[in-house]
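See below for the structure under consideration.
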Amino acid sequence: MRRHADDIPRSERGLLTAYWALSGYGLRASRALAWLGAAMLLTMVLLMAFGLAQDTPKQTATGLVPAGGGKVTFEIDKDDPQNPTGDRFTGERFEKALNVTLNSVVFRSSGQDLTTAGTYIEMTSRLTEPVLLGLAVLAVRNRVKR
């Protein structure tokens with residue numbers, strides 16, 4: 001009932017309301033898992049639409065060989081990932097988006113070349129999805145503990 005009280009600050013009331021909505025005060029594992037599934041699905045759709053590069057950028061090596069011999073210097077460069085054009089919702093892009101999303105749930109980087117929007121989508125999911133997973137684990141723990 002604290003979230004309904006008039007004498008608590010608005011920020012605390014908002015935090016309690018979010019905690020209730022996301023996991024039922026840590027008692028509803030199914031609610032937290034449903035939110036986690038929805039967040040993962042949203043992440044995958046956003047990555048397929050905006051986040052995955054059209055093609056994997058290829059590395060190029062350029063070098064300079066001095067006329068009289070000596071040390072050879074190479075510069076390895078990679079093009080920036082390009083935004084996709086054409087069909088964005090394909091099986092291959094789904095697989096890459098699923099890989100990035102599953103890695104983001106456990107704080108891992110996928111190593112996938114992402115566009116700028118994709119990088120921000122992955123950072124957001126790496127912040128929110130482990131929190132939802134943690135709420136689900138705590139709710140299961142509370143059920144088992146009783």
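Numbers here are sequence positions counted from 1. Side chains included, hydrogens not; waters and symmetry mates left out as well; all remaining heavy atoms used. Remember, predicted model here, so these are calculated numbers, not experimental data.
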Distance (rounded to the nearest 0.5 Å) between [X] [atom1] and [Y] [atom2]:
X      : Y      : atom1 : atom2 : result
Arg10  : Arg13  : CZ    : CZ    : 6.5 Å
Ile121 : Thr115 : CD1   : OG1   : 6.5 Å
Leu135 : Leu36  : CG    : CG    : 10.0 Å
Leu132 : Leu33  : CG    : CG    : 9.5 Å
Lys96  : Leu47  : NZ    : CG    : 12.0 Å

Linking I/L/V/M/F/W/Y whenever their side-chain heavy atoms sit closer than 4.5 Å, directly or via other members, would [X] and [Y] fall into one cluster?
X      : Y      : value
Val45  : Leu98  : yes
Val144 : Val137 : no
Val100 : Phe50  : yes

Compare every heavy atom of [Y] with every heavy atom of [X], then report the nearest pair and how far apart it is.
X      : Y      : result
Ser23  : Ala32  : CB-CB, 4.2 Å
Leu102 : Met40  : CD2-CE, 3.3 Å
Pro130 : Val105 : CG-O, 3.2 Å
Met44  : Phe94  : CE-CE1, 3.1 Å
Ala97  : Leu52  : N-CD1, 3.8 Å

Counting only N and O atoms by type, is there a donor-acceptor contact under 3.5 Å from the side chain of [X] to the main-chain atoms of [Y]?
X     : Y     : result
Asn99 : Glu95 : no
Arg93 : Arg88 : yes
Trp35 : Ala21 : yes

- [ ] Look at atom OH of Tyr19 and say whether more than 12 heavy atoms of other residues, nucleotides or ligands are closer to it than 6.0 Å.
- [x] yes
Open item on the list: Could you check whether Arg31 makes a cation-pi contact with Trp20, meaning its NZ or CZ is under 6.0 Å from the centre of the six-membered ring and within 45° of the ring axis?
Closed with: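 Checked: cation-pi criterion met.
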Open item on the list: Can you list everything that forms a side chain to side chain donor-acceptor pair (under 3.5 Å) with Thr43? Sequence neighbours excluded, please.
Closed with: Glu129
